[in-house]
A.B. asks: 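Encoded as structure tokens, here's the structure I'll be asking about.
As a basis for the values below, the full set of heavy atoms in this structure was taken, side chains included, without hydrogen atoms, waters or symmetry mates. In this text the structure is predicted, and so the values were computed from the model without any measurement.
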Number of protein chains: 2
Amino acid sequence: MPTADPAPRRRMRADARRNHDRLLAEAAAVFAEQGVEASLEAVARRAGVANGTLYSHFPTRQALLEALLANGMWVLADTARDLAGHLSAHEALTTWARAAMAHTTRYRGLATSLLRSVEDETSELHAACQEVLGAGERLLTRAQAAGTVRADATAADLYSLINAAAWAGEQTSPAQGERLLSFCIDGLRP
Amino acid sequence: MPTADPAPRRRMRADARRNHDRLLAEAAAVFAEQGVEASLEAVARRAGVANGTLYSHFPTRQALLEALLANGMWVLADTARDLAGHLSAHEALTTWARAAMAHTTRYRGLATSLLRSVEDETSELHAACQEVLGAGERLLTRAQAAGTVRADATAADLYSLINAAAWAGEQTSPAQGERLLSFCIDGLRP
DNA sequence: ACCTGAACACCGTTCAAGT
DNA sequence: ACCTGAACACCGTTCAAGT
């Protein structure tokens with residue numbers, strides 16, 4: 001029961017809808033090439049619209065990211081529920097953590113936005129980040145009940161370590177990022 | 001036996017020396033306030049010199065950071081040697097890791113520069129980062145010999161986790177950063 | 001030997017004017 | 001209802017001209 005509707009899908013003029021979609025598509029391409037700090041001016045240019053049009057559709061960079069990522073983040077939360085049904089508490093946790101990290105490495109610089117936004121209520125990404133945090137928390141609690149994770153670990157710890165490993169992977173190599181994630185998760189054991 | 005002299009301390013015109021020192025002092029202040037991505041134009045302005053003067057003394061942002069940090073990083077490497085003399089292998093490692101993380105949190109954004117620079121030979125910070133990496137490696141090897149750290153952990157792992165924890169602390173809270181460091185170090189146990 | 005400041009090519013963000 | 005594009009205030013970096 002999300003309180004915000006995903007997008008006012010219908011009540012939009014045809015040209016507005018076209019611009020909206022075009023902007024999202026080009027933003028995805030530009031962010032994939034240059035990371036989430038890429039020039040928004042370049043996004044507008046590639047979408048063939050004036051810079052003001054971009055800002056009227058997506059008032060902030062975070063709003064653009066939210067539109068690109070919210071869906072994937074809901075899927076991630078659903079994945080947590082699925083894994084909880086199919087795997088042991090600890091395997092579900094580690095498998096999901098890897099999936100969450102993979103999502104975070106989608107664009108360079110994303111880990112920074114996602115970690116900041118989980119605590120920043122003014123961020124358009126905040127709700128989606130909280131969703132992911134909550135999904136992780138359920139898997140964490142389950143693993144704690146099973147005795148495979150220390151009792152003092154928190155959802156914020158799990159969320160932080162996933163993002164930190166993703167970030168380290170960005171700066172060095174994906175393999176190094178995954179090694180870090182493994183170490184951190186091992187460090188959660190009692 | 002460092003091969004690069006710290007700075008051509010003497011052969012400098014008086015005005016050049018003054019500008020050099022003033023630029024460093026203002027850079028330290030501006031970075032402390034705004035992080036290492038702060039405007040270099042602002043640094044030059046506050047130092048009372050033209051922007052070109054800043055670039056002639058410090059051709060890149062990394063060069064400026066190197067001048068500000070290299071000394072502290074050598075100290076960090078020395079600290080590793082001291083700790084090895086006074087503490088158990090594992091205590092020396094954990095104590096030093098905390099000191100290294102504290103150094104990394106000196107300016108916001110620094111973790112990113114320090115992790116990138118350790119592998120990037122073109123960075124002016126590269127030598128100093130390698131120094132720190134090497135210091136960590138000695139403590140790590142000693143702990144591995146003592147059997148308190150798993151054999152497959154590398155110096156790059158240690159260096160990455162210190163910087164990743166510092167980064168996470170920047171994005172959330174120092175306390176969260178320290179929790180992450182603890183978990184990661186625990187994860188290094190056999 | 002060093003400094004200056006203009007020059008160039010870029011940004012993010014806002015907002016009056018258009019259709 | 002939406003789009004345009006100019007306007008403003010800021011960058012990083014280079015380099016001819018000065019002293």
Side-chain angles (χ1 to χ4, degrees), chain A residues 7-27 29-31 33-68 107-109 112-113 116 122-125, chain B residues 7-27 29-31 33-68 107-109 112-113 116 122-125:
Chain A
R9 269 246 147 216
R10 265 297 134 199
R11 294 210 179 286
M12 226 177 187
R13 231 165 62 178
D15 57 342
R17 157 109 268 129
R18 262 197 341 147
N19 285 340
H20 177 97
D21 294 349
R22 189 81 196 279
L23 280 164
L24 275 184
E26 294 302 334
V30 171
F31 289 170
E33 287 166 19
Q34 307 177 25
V36 300
E37 298 303 336
S39 156
L40 295 183
E41 193 126 334
V43 171
R45 225 164 21 232
R46 283 175 51 157
V49 302
N51 50 6
T53 302
L54 188 154
Y55 282 94
S56 87
H57 281 279
F58 306 102
T60 69
R61 191 180 295 271
Q62 311 270 356
L64 199 44
L65 279 174
E66 200 273 343
L68 287 172
Y107 306 127
R108 239 180 320 130
T112 304
S113 288
R116 281 206 137 116
T122 71
S123 166
E124 285 92 341
L125 276 165
Chain B
R9 268 246 148 216
R10 266 297 132 199
R11 294 212 179 284
M12 225 181 191
R13 229 166 61 179
D15 57 342
R17 158 108 268 128
R18 261 198 341 146
N19 285 339
H20 176 97
D21 294 348
R22 189 80 197 279
L23 280 165
L24 275 185
E26 294 301 335
V30 171
F31 289 171
E33 287 165 19
Q34 306 176 28
V36 300
E37 299 303 337
S39 155
L40 295 183
E41 193 126 333
V43 171
R45 223 162 25 229
R46 283 176 51 157
V49 302
N51 50 6
T53 302
L54 187 153
Y55 282 94
S56 88
H57 282 278
F58 306 101
T60 68
R61 191 181 294 270
Q62 312 270 357
L64 199 43
L65 278 174
E66 201 275 342
L68 287 172
Y107 304 128
R108 239 179 320 130
T112 304
S113 288
R116 281 207 137 114
T122 72
S123 167
E124 286 92 340
L125 276 165

A.B. asks: Assign the ring pair Phe58(B) / His20(B) to parallel, tilted or perpendicular, where the plane angle (0 to 90°) is split at 30° and 60°.
C.D. replies: tilted
A.B. asks: Could you state the atom-to-atom distance from CZ of Arg22(A) to C1' of dC3(D) in whole Å?
C.D. replies: 15 Å
A.B. asks: Given atom CG of Leu54(B) and atom P of dC11(D), what is their separation to the nearest angstrom?
C.D. replies: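 Taking atom P of dC11(D) as the reference, CG of Leu54(B) is at 13 Å.
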A.B. asks: What is the minimum heavy-atom distance between Leu23(A) and Ala44(A), and which atoms define it?
C.D. replies: CD2-CA, 4.2 Å
A.B. asks: Quick one: list whatever passes side chain to side chain donor-acceptor pair (under 3.5 Å) with Glu41(A), sequence neighbours left out.
C.D. replies: none
A.B. asks: Which nucleotide in the set dC2(D), dT4(C), dG12(D) lies at the smallest distance from any side-chain heavy atom of Ala50(B)?
C.D. replies: dT4(C)
A.B. asks: Is Arg45(B) close enough to dC11(D) that one of its side-chain N or O atoms is under 4.0 Å from OP1 or OP2 there?
C.D. replies: yes
A.B. asks: Distance check needed: dC2(D) P versus Asn19(A) CG, whole Å only.
C.D. replies: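 It works out to 11 Å between those atoms.
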A.B. asks: Using atom CD of Glu37(A) as one end and atom P of dC11(D) as the other, report the distance to the nearest whole Å.
C.D. replies: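 That distance rounds to 17 Å.
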A.B. asks: Tell me every residue that passes side chain to side chain donor-acceptor pair (under 3.5 Å) with Thr60(A), counting only those two or more places apart in sequence or in another chain.
C.D. replies: Glu124(A)
A.B. asks: Quickly work out the Phe58(B) CZ to dC3(C) C1' distance and round it to whole Å.
C.D. replies: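 So the CZ-C1' distance, Phe58(B) to dC3(C), works out to 15 Å.
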A.B. asks: Toss me the dot-bracket line for DNA chain D: Watson-Crick and G-U wobble, both under 3.5 Å, 5' to 3', using | for pairs to another strand and [ ] for crossers.
C.D. replies: ||.|||||...|||||.||
A.B. asks: Taking all atoms of both residues into account, what is the closest heavy-atom pair of Ala42(A) and Ser39(A), and its distance?
C.D. replies: N-OG, 3.0 Å
A.B. asks: Which atoms form the tightest heavy-atom contact between Ala27(A) and Leu68(A), and what is the distance?
C.D. replies: CB-CD1, 4.1 Å
A.B. asks: Which pairs count as salt bridge (Lys or Arg N to Asp or Glu O under 4.0 Å) when at least one residue sits in residues 47-59 of chain B, sequence neighbours excluded?
C.D. replies: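 Found none.
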A.B. asks: Is His57(B) near enough to dC3(C) that one of its side-chain N or O atoms lies under 4.0 angstrom from OP1 or OP2?
C.D. replies: yes
A.B. asks: Is the backbone of Val36(A) close enough, under 3.5 Å, to the side chain of Arg61(A) for a donor and an acceptor to pair up by distance?
C.D. replies: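 Side chain of Arg61(A) to backbone of Val36(A), a donor-acceptor pair under 3.5 Å: yes, one is there.
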A.B. asks: Applying side-chain hydrogen bond (donor to acceptor under 3.5 Å, both in side chains) as the test, list every pair that has at least one member in residues 45-55 of chain B; sequence neighbours left out.
C.D. replies: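 Only Glu26(B)-Arg46(B), Glu33(B)-Arg46(B) qualify under side-chain hydrogen bond (donor to acceptor under 3.5 Å, both in side chains).
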A.B. asks: Indicate whether OP1 or OP2 belonging to dG12(D) is found under 4.0 Å from a side-chain N or O atom of Ser39(B).
C.D. replies: yes
A.B. asks: Reading nucleotides 13-19 of chain D from the 5' end, what letters show protein touch, with B for base, S for backbone sugar-phosphate only, - for no heavy atom under 4.0 Å?
C.D. replies: BBB----
